[in-house]
Amino acid sequence: MPIIKVVPSESKIEVEEGANLRTSLLKNGFEIKSTCGGCASCGQCVVVIKEGTDNISEVSFEEKQLIGNVFHITSERLSCQTKVLGDITVDISRHLNQVKEKPKTVRRTKEEAEAVIQERKEKASERPAKQGGFKRPKPFKDTKE
C-alpha cells in the first residue's frame, strides 16, 4: 500500500492504491482549502509534490484547464484530481492556518480624544485656503430678444 509523507508535519499516511489525494488528506485530519468540494473548479486545493511524481496519476483535462501545464516546472497539482499510485511526499504548507495577531485596540480617554481633535483642527487651519474651484457655467443669454 502506498505511503503519503506530508510536509511540513512529517506525518505518514498509508492509503490504498488509486486513492484520491485530497480525500486521503482530509480523512487523516489535514485541512485542504477548497470551495468546490473536489470538482476541479476552484483551484484552491493546490499542493506541491516534492517526491514521487512518477507515483501519481496523469494531469486530467480539467486540471490542465484550471492551472495550466505548469506541473513539470512547479510540481503543483490539484489534490482533488490526483490519484496516489505509489509512495509520494506532499507539501501542504500553503493550506496551514497562519493566524496573524490582530493589533490591539487602544482606547483613548475623553481628554485625549479632544486633544487629538484640537490638534487636527489646528493643522487644518494652517493649510492655505482653497483657490479656484469648480463653478457652474452660467446659462447663455440670447441677445436677439
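- Listed by first and then second residue, the salt bridge (Lys or Arg N to Asp or Glu O under 4.0 Å) pairs that reach into residues 4-13 are Lys5-Glu10, sequence neighbours excluded.
- With a 4.5 Å cut-off on side-chain heavy atoms, Ile4 and Ser24 count as touching.
- Hydrophobic side-chain contacts under 4.5 Å tie Ile3 to no other Ile, Leu, Val, Met, Phe, Trp or Tyr residue.
- Sorted by first then second residue, the salt bridge (Lys or Arg N to Asp or Glu O under 4.0 Å) pairs that include residues 59-69, not counting sequence neighbours, are Glu63-Arg77.
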Enumerate, atom names and distances included, each donor-acceptor pair closer than 3.5 Å involving a side-chain atom of residues 35-55, sequence neighbours excluded.
{"from": "Asn55", "atom 1": "ND2", "to": "Asp87", "atom 2": "O", "distance (Å)": "2.9"}

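- The side-chain heavy atoms of Leu85 and Pro2, taken from C-beta on, include no pair separated by under 4.5 Å.
- With sequence neighbours excluded, the residues forming a side chain to side chain contact (heavy atoms under 4.5 Å, CB included) with Leu26 are Arg22, Ile32, listed by chain and number.
- Residues satisfying the side-chain hydrogen bond (donor to acceptor under 3.5 Å, both in side chains) test with Thr23, not counting sequence neighbours, are Asn20.
- Shown here are the side chain to side chain contact (heavy atoms under 4.5 Å, CB included) partners of Glu16, two or more places apart in sequence or in another chain: Met1.
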Please step through side-chain contact (heavy atoms from CB on, under 4.5 Å) for the pair Ile56 and Phe71, ending with a clear verdict. CA-CA 12 Å; Ile56 55 176; Phe71 169 70; 4.0 Å; yes
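- Scored by the side-chain hydrogen bond (donor to acceptor under 3.5 Å, both in side chains) test, Ser9 finds Ser11 as partners (sequence neighbours excluded).
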Please tabulate, one pair per line, all N/O donor-acceptor pairs under 3.5 Å involving side-chain atoms of residues 117-126, not counting sequence neighbours.
{"from": "Ser125", "atom 1": "OG", "to": "Glu122", "atom 2": "O", "distance (Å)": "2.8"}

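- The side chain to side chain contact (heavy atoms under 4.5 Å, CB included) check on Glu112 picks up Arg108, Thr109, with sequence neighbours excluded.
- Counting Ile, Leu, Val, Met, Phe, Trp and Tyr side chains that sit under 4.5 Å apart, directly or through other members, Ile73 stands alone, with no cluster partners.
- Under the 4.5 Å side-chain heavy-atom criterion for grouping Ile, Leu, Val, Met, Phe, Trp and Tyr, Ile92 is not connected to Leu78 through any hydrophobic cluster.
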